[in-house]
Amino acid sequence: MFRRFNAPLRALFAAAAVAVLATAARAQEPQRGGTMVMIVQPEPATLASYMSVAGNVCPVACQVYEGLVSYDWDLKPVPKLATSWEVSPDGLTVTFHLRDGVTFHNGAKFTSADVQYSFMEVLKKVHPRAPVVLGDLSAIDTPDPMTAVFHFNHPAPYLMMALSGYDAPIVSKSAFENTDPAANPTANKPIGTGPFKFGAWERGQYVRLDRNPNYWQAGLPYLDHIVARFIPDASTRSAALETGEVQYAAYSSVNYSDVKRLQANPALDTTSKGYEMTSGLSEIEMNEHRPPFDKREVRQAIAYAIDRKFIIDNVQYGFGKPATGPLSSNFKPSGLYTDEVLRFDVPDRIAIANKLLDEAGLPRKADGMRFAATLEVNSFGQQWMRQAEYLKQALAAVGIDLTLRSEDTGAWLRRVYTNYDYDMSEPFFNNLADPVIGVQRQYVTSQIRKGVDFVNNTFYSNKEVDDLFAAGAQEVDPVKRADIYHRIQKILVTDSPVIWLSEVQYVTVFNRKLHDATTGPLGTYSAFERAWIEH
Amino acid sequence: MRRWIYAGGRLALAVPVLFSIAVLNFFLIHLAPGDPASVMAGEGGSATPEYMAMLRHKFGLDQSLPLQLWHYVVNVATLDLGYSFRNDEPVLTLILDRLGPTLLLMGTAFVISVGAGILLGLLAGTGRNSWRDGASSILALLASATPSFWLGLMLIVLLSIRLGWLPTSGYETIGSFYEGRAYALDVGRHLIMPALSLALFYLALYTRVMRASVIEQMNMDYVVTARAKGQTELGIIFGHILRNALLPVVTMAGVQAGNLIGGSVIVESVFGWPGIGTLAFAALQGRDLNLLLGIFLVSACVVVAINLMVDLAYVALDPRMDM
Amino acid sequence: MQDALLRFARNRLALLGAVVLLLVLTMAAAAPVLYPAGAFALAGPPLQPPGGRFLLGTDTLGRDVAAGIVYGARTSLMIGVVATLAAVVLGVLIGAVAGYYRGKPDLALMRITELFQTIPSFILAILLVAILSPSADSEIAAITLVSWPGIARLARGEFASLGGREFVLACVGLGAGDGRIVFRHLLPNCASPLIAVGSLLVANVILFESGLSFLGLGDPNLMSWGLMISAGREVLRSAWWICTFPGLAIVATVLAINLIGDGLNEALNPRLRDR
């Protein structure tokens with residue numbers, strides 16, 4: 001009943017701790033062996049990454065499941081379970097040549113049948129993003145065991161950006177056949193092809209993953225074990241890094257207020273890389289069915305009234321940068337991002353805001369206020385309450401009397417995405433790897449879907465934008481595609497259906513003895529097959 | 001024999017109480033807006049109405065309320081507290097995993113508060129208006145005005161951050177892999193501050209009750225008689241007063257059991273103590289209905305069990321029950 | 001009553017409590033004058049230590065901690081008084097019915113009271129506030145709902161013991177209605193213990209409220225001491241003052257009310273003086 005480790009695992013941890021603490025000259029050659037302890041926060045509810053994209057599932061599940069491809073630092077797909085692929089000129093078929101000699105952790109051989117089953121029977125049915133990402137996938141042919149041919153109703157260039165072990169994990173047909181994919185027994189004991197096998201899950205404490213000796217990349221992985229530890233208290237997480245008990249903490253599982261102190265620790269290092277395909281934006285949504293938010297001037301005025309730098313400096317402790325529009329600047333390398341849009345960070349922004357509100361027919365009343373509204377506070381942590389408190393002050397300065405409402409997650413989501421019983425809300429969205437996957441859900445008319453969370457709940461509806469998003473999704477030529485998204489950004493920022501506050505900068509804190517943990521843009525959402533520990 | 005009949009009677013009384021609590025909790029929680037499906041889908045990024053319906057069906061949320069209640073009551077009666085779909089784990093397992101730390105924290109706080117409260121109350125009551133009375137009264141006054149969570153934070157600042165004597169939070173040193181005695185000592189070091197934070201308020205309460213009770217007993221005829229017979233003051237205190245004076249403290253301890261488990265929620269959240277309290281808060285945030293129902297039921301069971309123990313202690317202490 | 005006042009005035013600790021409470025009340029009343037911009041105003045640079053321009057320092061957003069303390073006093077006292085009054089009214093009603101009528105209503109009501117005393121009250125309050133969505137109203141409702149059983153038991157005991165007295169029987173003989181007997185004749189006779197217990201309840205409610213707002217269940221539009229402490233937790237290592245001063249304010253206020261409650265208890269119930 002009392003929370004303790006079993007003895008062999010304790011011995012194993014002890015060995016790992018000694019190995020990490022032992023002073024050794026910094027070696028450049030990767031060393032075999034050792035255990036990497038990482039923080040996963042909070043404890044995942046499930047390890048079924050084919051069914052849940054919650055941020056705490058994949059750091060564990062992505063060690064076990066692999067995708068057809070992975071991505072390099074330029075966000076270009078590179079071979080994983082697929083060795084090569086061809087896209088037909090019309091974009092309607094994609095042929096994947098699969099890797100031979102790969103086996104699942106249950107001993108089954110990996111073939112095209114697994115690919116077909118994973119996409120058609122599992123992902124298409126239970127993956128939350130399937131309707132968007134796999135909506136146009138009509139069939140998969142398996143002419144031979146090492147070839148899988150994907151057929152689409154319309155060209156789907158974005159799909160090539162969503163085939164990693166995070167977006168589309170390949171599961172074993174033998175483990176899923178004749179079961180309900182939503183209730184498969186492997187949900188908490190995943191079976192994949194990845195470098196680490198599922199070992200044990202001690203509820204409330206840790207998940208242990210063991211080295212897969214039969215991994216298809218010979219000699220990999222370097223680590224013997226990965227242990228994902230769940231430490232609910234933020235200051236304890238920081239302390240665990242300081243003492244060397246934990247070597248890796250990603251997705252800002254360490255409080256921003258502690259990061260500066262940890263950066264001063266010579267044993268620790270930090271990085272902001274490995275989040276290039278996540279691209280979180282913090283935003284304010286406004287309900288256009290509730291006047292005066294139906295007026296563009298009002299929405300723009302609010303955008304002008306907010307000092308984004310203040311939020312970043314004082315709420316996010318400096319980790320982040322001002323957002324300029326619906327796309328994160330992480331889309332700069334692909335050419336999709338532009339900052340040539342209406343800018344709200346101008347010196348006389350308060351005066352402009354006041355002028356816009358006057359023009360909207362909302363003069364200041366006797367108490368100095370123009371109108372009152374309620375802001376639904378994001379329930380995912382203290383920083384959102386601080387941001388809301390700042391917003392209340394900032395908007396009061398232009399005559400908007402904000403009332404804050406703070407509910408728990410369930411109540412907040414229901415109010416904002418099902419009942420539409422809100423004026424303003426402060427959500428957080430991930431742009432993900434492609435605008436089709438992470439951006440358009442918020443702005444197109446077809447995504448006004450009652451009861452579905454994190455889609456278009458502002459009732460913004462603009463035929464031109466709908467058409468542009470539809471064109472962008474199918475456009476194969478990169479230059480034309482970039483042009484489409486530049487136009488979208490210009491229109492959206494001018495219309496301001498939502499207000500984009502900041503690009504959140506995640507921080508990974510890690511022990512300097514741990515090497516090569518962040519090897520690609522997916523960071524913690526990819527396998528640690530190349531990570532190694534100095535000992 | 002009579003004691004057993006009495007204890008059995010109390011036990012039998014507990015059953016309808018627990019049943020009522022189960023029904024009450026069920027309806028309270030179903031009044032809450034939001035369901036686990038919408039929270040899970042929220043984590044999913046974007047989901048179709050079909051996907052949400054599938055989740056709701058999986059959780060049994062598409063059944064009628066009376067049907068859900070009926071299933072719940074039947075299950076509770078067979079010790080099946082249901083399944084936490086968000087954790088993919090039976091509710092009872094989740095709770096039992098966390099019950100240990102909470103009972104350890106509550107038990108330690110209980111022993112500290114009752115033990116020290118009795119001692120201080122005795123010191124104060126027997127030396128009325130002396131310096132010991134004054135000192136323990138001031139301590140009790142301060143302690144009963146101090147919020148446990150703030151005391152906890154101040155202890156962290158003083159004992160952990162400034163002096164470095166005790167770990168800031170948690171249940172054990174992560175990755176230390178202590179065994180046996182060393183492990184117990186390690187947990188004990190983590191236990192000191194949470195237990196103190198939780199105990200202090202109740203310590204004040206028991207001190208006051210004990211003091212009043214001792215003073216009342218001191219004026220009883222039997223004490224005057226004993227004094228007249230020439231018994232020493234210490235003999236009178238330990239031979240007569242203590243046993244009688246304890247009764248109101250024991251009564252109060254039973255009444256406070258429910259508050260103690262509630263207080264541990266907040267103390268657990270301050271110290272990252274992996275108990276029922278943190279589980280309850282997480283369940284509330286994640287709208288895990290089954291888990292919340294289970295936690296309420298189990299914590300009510302704990303309270304009923306403590307009350308039963310208090311009743312038994314009463315039986316042992318109250319001379320009138322000697323037959 | 002004169003005697004009671006005199007006895008109260010002779011109790012030096014109770015007087016001290018009264019002085020402290022008066023100070024807190026003045027502070028709460030003067031808040032808009034002292035800090036016209038409000039408790040949430042971004043008054044200066046963040047994380048300024050105490051002393052200097054900001055007497056008690058500033059928090060992570062640059063809000064004046066002193067302003068928070070002053071406005072927090074309003075929230076604490078308001079919720080403390082309103083929730084206590086509501087709990088007393090509810091408790092007296094239930095206790096009066098149970099104690100006056102005895103028999104079946106008594107049995108049923110006391111079972112319900114016991115039930116509410118068995119349920120961990122803080123967990124129940126958390127749940128209620130979450131269901132009702134955090135606001136001052138829902139905090140008051142939740143605190144009321146978990147605070148009445150104690151009052152009800154006390155009232156029941158008092159009413160039951162008064163119920164058989166001659167003057168009550170006389171009233172019944174004269175044909176007075178039940179409501180009249182309960183409210184005109186019985187209630188004034190058990191006012192003393194109720195006032196004493198009620199004043200102590202105010203202190204407990206303030207502690208309770210600070211706990212709720214510490215867990216993030218307070219009204220986000222009202223500055224409260226619990227909220228300040230929870231907001232300062234993240235920077236406890238580097239900025240001790242954000243958590244420390246609101247806590248001291250809670251201790252001082254609760255202590256003062258407890259002292260007054262004790263004083264009232266002794267003054268109004270002289271037979272209990274030795275307790």
Side-chain angles (χ1 to χ4, degrees), chain B residues 13-14 16-18 20-21 24-25 28-29 31-33 128 137 141-142 144-151 153-154 156-157 161-162 168 201 208-209 211-213 215-216 219 255 257-266 269-270 276-277 280-281 284-285 292 295-296 299-300 302-304 307, chain C residues 13 17 111-112 114-133 146 149-150 153 200 203-204 206-208 210-212 214-217 225-226 229-230 232-233 236-238 240 243-244 246-248 250-259 262 272 274-275:
Chain B
L13 267 181
V17 170
L18 288 176
S20 319
I21 289 171
L24 179 76
N25 286 340
L28 271 178
I29 289 169
L31 282 179
R128 254 193 105 191
S137 293
L141 276 169
L142 278 178
S144 62
T146 308
S148 58
F149 60 92
W150 182 72
L151 179 69
L153 290 173
M154 291 301 118
I156 292 175
V157 171
I161 298 175
R162 294 258 181 266
T168 54
F201 179 84
R208 290 168 70 126
V209 172
R211 174 179 177 272
S213 163
I215 288 170
E216 197 179 338
N219 296 332
V255 171
N259 291 336
L260 197 63
I261 203 167
S264 71
V265 173
I266 200 160
S269 90
V270 170
I276 294 284
F281 206 69
L284 193 66
Q285 287 295 311
L292 266 181
I295 290 171
F296 282 105
S299 52
V302 170
V303 175
V304 169
N307 281 330
Chain C
L13 278 176
R111 276 288 121 78
I112 295 174
E114 272 172 29
L115 186 68
F116 269 87
Q117 285 188 318
T118 308
I119 298 175
S121 57
F122 195 70
I123 303 185
L124 179 63
I126 289 176
L127 184 70
L128 284 169
V129 176
I131 289 173
L132 301 171
S133 136
V146 299
R153 293 193 93 123
L200 290 172
N204 278 339
I206 290 178
L207 277 180
F208 208 96
S210 71
L212 285 177
F214 176 75
L215 290 180
L217 295 168
W225 294 331
I229 295 172
S230 94
R233 240 182 106 180
L236 190 62
R237 277 167 190 270
S238 48
W240 55 270
C243 282
T244 306
L248 289 175
I250 297 174
V251 174
T253 309
V254 173
L255 187 61
I257 297 173
N258 275 338
L259 289 174
D262 286 349
L272 303 174
D274 284 339
R275 295 215 158 189

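Because the structure is predicted, anything quoted here is derived from the model rather than measured. So that the names make sense, note that chain A is the first sequence line, chain B the second, and so on, each numbered from 1.
For chain B, the option among L13(C), L124(C), I126(C), V251(C) with the highest count of heavy-atom pairs below 4.5 Å is V251(C). Residue with the most contacts toward chain B among V146(C), L248(C), T253(C): L248(C) (heavy-atom pairs, distance under 4.5 Å). Of the residues considered (G277(B), P147(B), A257(B), S148(B)), P147(B) shows the highest number of contacts with chain C, using heavy-atom pairs under 4.5 Å.
To the nearest 0.5 Å, the span separating CD1 on I276(B) from CD1 on I123(C) amounts to 8.0 Å. Atom CZ of R208(B) sits about 6.0 Å away from atom CG of N258(C), to the nearest 0.5 Å. Atoms CG and CG, from N259(B) and N204(C) in turn, are 9.0 Å apart once rounded to the nearest 0.5 Å. Taken to the nearest 0.5 Å, the CD1 atom of I250(C) stands 8.0 Å off from the CH2 atom of W150(B). Going from atom CD1 of I266(B) over to atom CZ of F208(C) covers 9.0 Å, rounded to the nearest 0.5 Å. The distance from atom CZ of F149(B) to atom OG of S210(C), rounded to the nearest 0.5 Å, is 3.5 Å.
At a 4.5 Å heavy-atom cutoff, I206(C) makes no contact with chain B through either its backbone or its side chain. Heavy-atom distances place both the backbone and the side chain of L142(B) under 4.5 Å from chain C. Neither the backbone nor the side chain of I257(C) comes within less than 4.5 Å of any heavy atom in chain B. Both the backbone and the side chain of S144(B) come within contact range of chain C, judged by heavy atoms closer than 4.5 Å.
Side-chain atoms of V157(B) and T244(C), non-hydrogen and from C-beta on, never get closer than 4.5 Å to each other. Looking at F214(C) and V270(B), their side chains come closer than 4.5 Å, going by heavy atoms from C-beta outward.
Taking each heavy atom of V254(C) and A145(B) in turn, the nearest pair found is CG1-CA, 3.5 Å. Of all non-hydrogen atoms in S269(B) and L215(C), the two that sit nearest each other are OG-CD2, 3.5 Å.
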